[in-house]
Amino acid sequence: GNEVSKYHLEARIAYWHTTTADNNKWENILQLYNYLLQLKYSPVVALNRTFALSKVNGKEEAIVEAEKLNLTDNFFYYSLLGNLYTNINNAKAIQHFQMALNLTKSNYDQAIIVKNIIRLTGEEK
């Protein structure tokens with residue numbers, strides 16, 4: 001049809017994720033997430049937008065936006081904060097990764113989170 005839906009925007013975001021050669025990749029993804037949030041707000045979309053924001057405007061700005069979301073029951077929220085705080089405040093990054101680890105039930109996700117903690121601490125858990 002002639003109307004842009006969330007499915008059109010999600011398809012464009014997926015397209016940009018598969019594109020590696022374009023210098024404006026993350027800017028395009030960020031703008032699509034902005035539009036998607038205007039169309040219909042979702043905490044998960046807002047969280048994904050925050051990652052794109054970090055790629056465009058830096059981790060510090062993304063941390064401020066991520067913490068506003070306050071998705072304290074979502075392990076992706078804490079994983080994102082752990083990644084954003086990495087190399088800015090590694091102690092906080094580890095705390096966030098620990099929270100993510102406590103919230104996830106997936107062995108796969110736990111393994112990734114543990115790898116991030118080990119990378120920051122140098123110690124096996």
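The backbone N or O of I117 sits less than 3.5 Å from a side-chain atom of T121, completing a donor-acceptor pair. No donor-acceptor pair closer than 3.5 Å links the side chain of E61 to the backbone N or O of L53. At distances below 3.5 Å, not a single donor-acceptor pair connects side-chain atoms of H96 with backbone N or O atoms of A93. Side chain of N83 to backbone of L80: no donor-acceptor contact under 3.5 angstrom is found. Within the 3.5 Å criterion, the main-chain N or O of L101 finds no donor-acceptor partner in the side chain of T104.
Linking Ile, Leu, Val, Met, Phe, Trp and Tyr residues whenever their side-chain heavy atoms come within less than 4.5 Å places I88 and V56 in a single cluster. Linking Ile, Leu, Val, Met, Phe, Trp and Tyr whenever their side-chain heavy atoms come within less than 4.5 Å leaves Y77 and I112 in two separate clusters. No continuous path of hydrophobic side-chain contacts links L69 to V44 [ILVMFWY only; heavy atoms under 4.5 Å]. When hydrophobic clusters are built by joining Ile, Leu, Val, Met, Phe, Trp and Tyr residues whose side-chain heavy atoms come closer than 4.5 Å, directly or via intermediates, L71 is not grouped with V64.
Within the 6.0 Å centre-distance limit, the rings of W26 and F51 are counted as a close aromatic pair.
Each of L84, N90, N89 was evaluated against T86; a single residue qualifies, N90, per the side-chain contact (heavy atoms from CB on, under 4.5 Å) test.
For the pair I29/K25, a side-chain contact is recorded, criterion being any heavy-atom separation below 4.5 Å from C-beta on. Using a 4.5 Å heavy-atom threshold, the side chains of V4 and L9 count as touching. Counting heavy atoms from C-beta on, the side chains of F97 and L81 never come closer than 4.5 Å.
With rounding to the nearest 0.5 Å, the separation of CG in N48 from CG in L32 is 12.5 Å. Atom CD of residue E60 and atom OG of residue S54 lie 10.0 Å apart, to the nearest 0.5 angstrom. Expressed to the nearest 0.5 Å, how far CZ of F76 lies from CG of D109 amounts to 5.5 Å. In this structure, Q31 CD and W16 CH2 are separated by 12.0 Å, a value rounded to the nearest 0.5 Å. Between the CG atom in N34 and the CZ atom in R49 there is a gap of 4.5 Å [rounded to 0.5 Å]. Separation of atoms CZ (F75) and NZ (K105) is listed at 11.0 Å; rounding is to 0.5 Å.
Between A46 and L37 the shortest heavy-atom distance is N-CD2, 3.7 Å.
When the shell of 6.0 Å around OH of Y41 is examined, it contains more than 12 heavy atoms from other residues, nucleotides or ligands.
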Next item on the list: Could you walk me through whether Y78 and T72 pass side-chain contact (heavy atoms from CB on, under 4.5 Å), step by step?
Entry: CA-CA 8 Å; Y78 289 109; T72 57; 3.3 Å; yes

Check: Can you check side-chain contact (heavy atoms from CB on, under 4.5 Å) on I94 and Y85, steps first, answer last?
Finding: CA-CA 9 Å; I94 292 167; Y85 272 109; over 6 Å; no

Margin query: Evaluate T50 against I63 for side-chain contact (heavy atoms from CB on, under 4.5 Å), listing each step before the verdict.
Written below: CA-CA 8 Å; T50 304; I63 288 169; over 6 Å; no

Next item on the list: Mind running side-chain contact (heavy atoms from CB on, under 4.5 Å) on L36 and I13 for me, showing each step along the way?
Entry: CA-CA 10 Å; L36 189 55; I13 291 167; 4.1 Å; yes

